[in-house]
Peer 1: 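Quick one: the structure is below, questions incoming.
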Amino acid sequence: MKQVRPKKNLGQHFLTDLTIAKRIADTVDEPYSDIPVLEVGPGMGVMTQYLVQKNRPFKVVEIDRESVAYLKGTLFSGERSGVNGENPIIEGDFLRMDLKEVFGGQQFVLTGNYPYDISSQIFFKMLDNRDLIPCCTGMIQHEVAVRMASQPGNKQYGILSVLIQAWYDVEYLFTVEPSVFNPPPKVQSAVIRMTRNQVERLGCDEQLFKLVVKTVFNQRRKMLRVSLKQLLTDLSPLADHPFMTLRPEQLTIAQFVELTNEVEKVLCSGTK
């Protein structure tokens, strides 16, 4: 069957190395080896061929009609057209899906060779559905993976680091070179695994937490007493707080929770 043409507008870079494809597919085995798997953007199924061998409920979501046709004509043709009695191919946009409907409200592992330009959006959707997704693995741009796994005090530590690590433990597993893709991307890639931690509640207003994190990191080179002026025109109630002379990359997640509670107190007092 004719192979799929990589499409620049979809950010498609098809993995061609089968050894690496199998290594990525195997990342879904720990620590959840018995719950369903959803693969985002399977393309021509280089990872899919190993995922379907794992004897567990499995589906793919693919927005590219040419890729869907290819999968139907190869991996999911004939008697292999269904997995566990259901159509395994969801044709559509992952970012627009209701994830509760994928496996009937059951938890699942999310994986894929994620398009670089929407990987952050995919992970924000994961965060919004964290009760459904106890584990997420896959391949993304190396730079993004480093940011996600970075710790406080590191210049790569930022919005993604804080928001994801508040709910997930992040593992940087291994680096993938551009030469194993068609077409080769201009940057290195990396494989990660995120496993849901034990946090059920942050201990603060979670929407305000996200707003505080995004606000201060948008001026990451400035001290908090400067960047917080976007939220609080009068910072006098926080003037003596030790965080005010710090920059955002110096704060731990627990300290961001504390900062959020302090900001909320000021907002609730009517000082804005």
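Note that the numbering runs from 1 along the sequence shown for the chain. All heavy atoms count here, side chains included; hydrogens, waters and symmetry mates do not.
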Peer 1: Run the side chain to side chain contact (heavy atoms under 4.5 Å, CB included) check on Leu132 and Phe103 step by step: do they pass?
Peer 2: CA-CA 10 Å; Leu132 274 178; Phe103 293 103; over 6 Å; no
Peer 1: Say you draw a straight line from CG of Leu51 to CZ of Phe58; how long is it, rounded to the nearest 0.5 Å?
Peer 2: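 CZ of Phe58 is found 4.5 Å from CG of Leu51.
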Peer 1: Mark yes when over 12 heavy atoms from residues, nucleotides or ligands other than Arg23 sit less than 6.0 Å from its CZ; otherwise mark no.
Peer 2: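 Counting neighbours around CZ of Arg23, 12 or fewer heavy atoms of other residues, nucleotides or ligands fall under 6.0 Å, so no.
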Peer 1: According to a hydrophobic-cluster definition based on side-chain heavy atoms being under 4.5 Å apart (Ile, Leu, Val, Met, Phe, Trp, Tyr only), do Val187 and Ile24 belong together?
Peer 2: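 No, it is not one cluster - the side chains of Val187 and Ile24 are not joined through contacts under 4.5 Å.
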Peer 1: For side chain to side chain contact (heavy atoms under 4.5 Å, CB included), just list the numbers for Asp64 and Tyr70, CA-CA rounded to whole Å, side-chain angles, deciding distance to a tenth of an Å, and then say yes or no.
Peer 2: CA-CA 10 Å; Asp64 179 23; Tyr70 183 90; over 6 Å; no
Peer 1: Is it possible for you to say whether Leu95 and Tyr116 belong to one hydrophobic cluster, with membership spreading through side-chain heavy-atom contacts below 4.5 Å?
Peer 2: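 The answer is no; the residues belong to distinct hydrophobic clusters.
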Peer 1: Output the distance between atom NZ (Lys72) and atom OG (Ser67), rounded to the nearest 0.5 Å.
Peer 2: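 Rounded to the nearest 0.5 Å, the NZ-OG separation comes to 12.0 Å.
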Peer 1: Val226: which residues meet the side-chain contact (heavy atoms from CB on, under 4.5 Å) condition with it, sequence neighbours left out?
Peer 2: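 With sequence neighbours excluded, Val226 shows a side-chain contact (heavy atoms from CB on, under 4.5 Å) to Lys222, given in chain and number order.
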Peer 1: If you take the centroid of each ring, where Trp contributes its six-membered ring, are Tyr114 and Phe94 closer together than 6.0 Å?
Peer 2: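 They do not qualify: ring centres at least 6.0 Å apart.
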Peer 1: Look up atom CE in Met97 and atom CG in Asn129, then write down how far apart they are to the nearest 0.5 Å.
Peer 2: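 If I round to the nearest 0.5 Å, the distance is 10.0 Å.
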Peer 1: If you measure from CZ on Arg193 to SG on Cys136, what distance do you get to the nearest 0.5 Å?
Peer 2: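 Rounded to the nearest 0.5 Å, the CZ-SG separation comes out at 11.5 Å.
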Peer 1: For the residue pair Ser161 / Gln156, report whether a side-chain donor-acceptor contact shorter than 3.5 Å exists.
Peer 2: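 Their side chains do not contain a donor-acceptor pair, so the 3.5 Å distance test is not met.
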Peer 1: Taking 4.0 angstrom as the limit, do Glu206 and Arg130 come out as a salt bridge?
Peer 2: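 Counted as a salt bridge, because a side-chain N and a carboxylate O are separated by less than 4.0 Å.
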Peer 1: Kindly give the heavy-atom pair with the smallest separation between Leu238 and Met244, and that separation in Å.
Peer 2: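 For Leu238 and Met244, the tightest heavy-atom pair comes out as O-CG, 3.0 Å.
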Peer 1: For Asp240, does the CG atom have more than 12 heavy-atom neighbours from other residues, nucleotides or ligands under 6.0 Å away?
Peer 2: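 No - once you tally the heavy atoms of other residues, nucleotides and ligands closer than 6.0 Å, there are 12 at most.
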Peer 1: Taking Asn113 for the side chain and His13 for the main chain, is one N or O donor matched with an acceptor at less than 3.5 Å?
Peer 2: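 Confirmed, Asn113 side chain pairs with His13 backbone.
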Peer 1: Please give me the minimum heavy-atom distance between Val61 and Gly92, naming the atom from each residue.
Peer 2: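 Smallest heavy-atom distance, with atoms named: CG2-O, 3.6 Å.
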Peer 1: Find the distance between CZ (Phe243) and CD (Glu262) and round it off to the nearest 0.5 Å.
Peer 2: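 Taking CZ in Phe243 and CD in Glu262, the distance rounds to 8.0 Å.
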Peer 1: Drop me the distance from Asp26's CG to Lys54's NZ, to the nearest 0.5 angstrom.
Peer 2: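 Here the rounded value is 4.0 Å.
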Peer 1: Keeping Arg220 on the side-chain end and Tyr157 on the backbone end, is there a donor-acceptor pair under 3.5 Å?
Peer 2: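 Checked: pair present.
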Peer 1: Check whether any side-chain N or O of Asn261 sits under 3.5 Å from a backbone N or O of Gly203 as a donor-acceptor pair, and report yes or no.
Peer 2: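 Confirmed, Asn261 side chain pairs with Gly203 backbone.
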Peer 1: With a cut-off of 6.0 Å (strictly less than), are more than 12 heavy atoms of other residues, nucleotides or ligands near NZ of Lys125?
Peer 2: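 Yes, the 6.0 Å shell around NZ holds more than 12 heavy atoms from other groups.
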Peer 1: With a 3.5 Å distance limit and no angle check, can you tell me whether Glu62 reaches the backbone of Glu39 through a side-chain donor-acceptor pair?
Peer 2: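 No: the side chain of Glu62 does not pair with the backbone of Glu39.
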Peer 1: Shortest non-hydrogen contact from Ser119 to Val144?
Peer 2: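 Closest approach of Ser119 to Val144, heavy atoms only: OG-CG1, 4.3 Å.
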